[in-house]
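Quick caveat, the model's predicted, so the values are computed rather than measured.
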Amino acid sequence: TPLYSSAASDVYKRQDTLPTSDRGSVSFTEYSDINTTTILLDSVLAPTGQVFMGKYQDPELGQVTMEGYMALRTNANLSTFPTGAIYDSTIFRYGIESEYGDTTRVQVIYVHMLLDTLPIKNYYAFESRNYAQVPIDTFRFQLSDANGYLSKKLNNLGKRIFDAGSPILTSVQQFNQNFKGIAFVPDGGNSAVFSIDTDISTELSVFYHTATDSTKKSISFLLNTDNIHFSNVKTQYSGGLASLRNYGDTVGSFAAGDKFYISSMRGLRTLVQIPDLAKIKS
């Protein structure tokens with residue numbers, strides 16, 4: 001029976017499955033030596049369909065921090081990009097798939113430039129990426145007001161793309177080599193984590209005009225091409241799970257308040273040790 005459940009954290013409490021008043025024609029022996037142990041695993045694959053970011057205090061697991069990393073790609077024909085373009089603004093649009101924690105408070109996410117290219121591979125939730133220490137943009141919002149979709153300005157990122165000059169903006173290959181991607185880093189005072197989708201609704205739109213044409217034009221940079229994105233997950237366990245610090249650590253259900261824990265993203269699994277079958281009477 002679920003005691004506490006969400007996509008970010010699943011906790012279950014043991015309960016009897018067969019009341020003593022409903023044994024039917026099967027006789028059995030009740031015993032108390034079934035043992036359940038929560039194990040912290042290594043090599044947990046990061047989610048591929050969503051990018052998580054944020055920070056919050058989980059009531060069961062402790063403090064959870066998530067950083068999101070996404071590569072920048074474009075399907076536009078950059079060879080026709082006007083060399084006399086004048087930068088206007090940049091909008092980051094994204095859909096929210098899930099959210100956990102106190103969503104009524106203002107959340108703050110810092111945008112940093114990645115220092116290394118994201119290779120196309122399977123990523124693990126414990127992996128992190130190097131990024132510039134000084135953020136280039138910051139966006140603030142309340143998840144409770146988002147209604148599943150948000151749009152924020154990232155003007156410094158857009159201006160940096162323009163300031164790179166025509167050699168980079170006129171070649172997709174040059175652009176990909178020079179702009180490794182971006183890291184979404186939560187503020188230490190955040191109270192929620194959320195995930196954004198990785199379909200075509202997530203994009204960076206850079207708006208510009210030319211000296212001879214004031215009509216606003218735009219070029220879109222996708223953040224989902226080739227599935228080059230993943231999330232880093234850090235958990236500082238507390239309460240009955242405070243002893244889980246290194247991969248392979250275990251905690252018995254008795255020490256955890258008669259609970260065992262399952263959380264796919266954090267690598268929490270439960271080992272159930274069943275007593276000797278010879279104790280069962282037929």
**Message:** The test is side chain to side chain donor-acceptor pair (under 3.5 Å); show your working for Ser218 and Ser205 and say whether it passes.
**Reply:** CA-CA 6 Å; Ser218 68; Ser205 296; 5.5 Å; no
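In this structure a side-chain-to-backbone donor-acceptor pair under 3.5 Å is missing from Thr250 to Thr38. Within the 3.5 Å criterion, the main-chain N or O of Glu97 finds no donor-acceptor partner in the side chain of Asp197. The backbone N or O of Asn246 sits less than 3.5 Å from a side-chain atom of Asp249, completing a donor-acceptor pair. Using a distance-only test at 3.5 Å, with no hydrogens or angles considered, no donor-acceptor pair links the side chain of Tyr123 to the main chain of Asn232. Although no hydrogens or angles enter the test, the distance criterion places a donor-acceptor pair under 3.5 Å between the side chain of Ser195 and the main chain of Ser98. Between the side chain of Ser144 and the backbone N or O of Thr103, at least one donor-acceptor pair lies under 3.5 Å. With Asn190 contributing its side chain and Pro186 its backbone, the two residues share no donor-acceptor pair below 3.5 Å. Without hydrogens or angle criteria, Gln107 side chain to Arg105 main chain gives a donor-acceptor distance under 3.5 Å.
The heavy-atom pair separating Phe52 from Met66 by the smallest distance is CB-SD, 3.2 Å. Scanning both residues, Tyr56 and Gly101, for their nearest heavy atoms gives CD1-CA, 3.6 Å.
Annotation: side chain of Val233 is in contact with side chain of Thr235 (closest heavy-atom distance under 4.5 Å). Taking 4.5 Å as the limit, every side-chain heavy atom of Ile86 sits out of range of all side-chain heavy atoms of Thr210. Considering only heavy atoms from C-beta on, Phe179 comes within 4.5 Å of Met113 through its side chain. The shortest distance between side-chain heavy atoms of Val111 and Leu154 falls below 4.5 Å. The closest side-chain heavy-atom distance from Lys259 to Glu60 is below 4.5 Å. Side-chain atoms of Val64 and Tyr100, non-hydrogen and from C-beta on, never get closer than 4.5 Å to each other. Looking only at side-chain heavy atoms (C-beta outward), Leu72 and Leu204 come within less than 4.5 Å of each other. Put simply, the side chain of Ile196 does not reach to within 4.5 Å of the side chain of Gln50, judged on heavy atoms.
Of the residues Phe92, Tyr69, Tyr131, Tyr94, the one that meets the ring-ring contact (aromatic ring centres under 6.0 Å, His included) test with Phe184 is Phe92.
Cluster annotation: Ile91 and Phe139 are assigned to distinct hydrophobic clusters (Ile/Leu/Val/Met/Phe/Trp/Tyr, side-chain heavy-atom contacts under 4.5 Å, transitive).
Remark: Lys216 qualifies as a cation-pi partner of Phe207 under the 6.0 Å distance and 45° angle criteria applied to the six-membered ring.
Between Tyr124 and Phe126, the two ring planes are parallel [angle under 30°; tilted spans 30° to 60°].
Atom NZ of Lys152 has more than 12 neighbouring heavy atoms from other residues, nucleotides or ligands inside a 6.0 Å radius. The neighbour count for Lys153 NZ, taken as heavy atoms of other residues, nucleotides or ligands under 6.0 Å away, does not exceed 12.
Side-chain contact check for Tyr110 and Asp187: at least one donor-acceptor pair (N or O, by modelled atom type) lies under 3.5 Å.
Within the structure, every pair that satisfies the salt bridge (charged side-chain N to carboxylate O under 4.0 Å, His left out) test and touches residues 127-139, not counting sequence neighbours, is listed here: Lys121-Glu127.
The distance from the CG atom of Leu157 to the CD1 atom of Ile182 is 6.0 Å, given to the nearest 0.5 Å.
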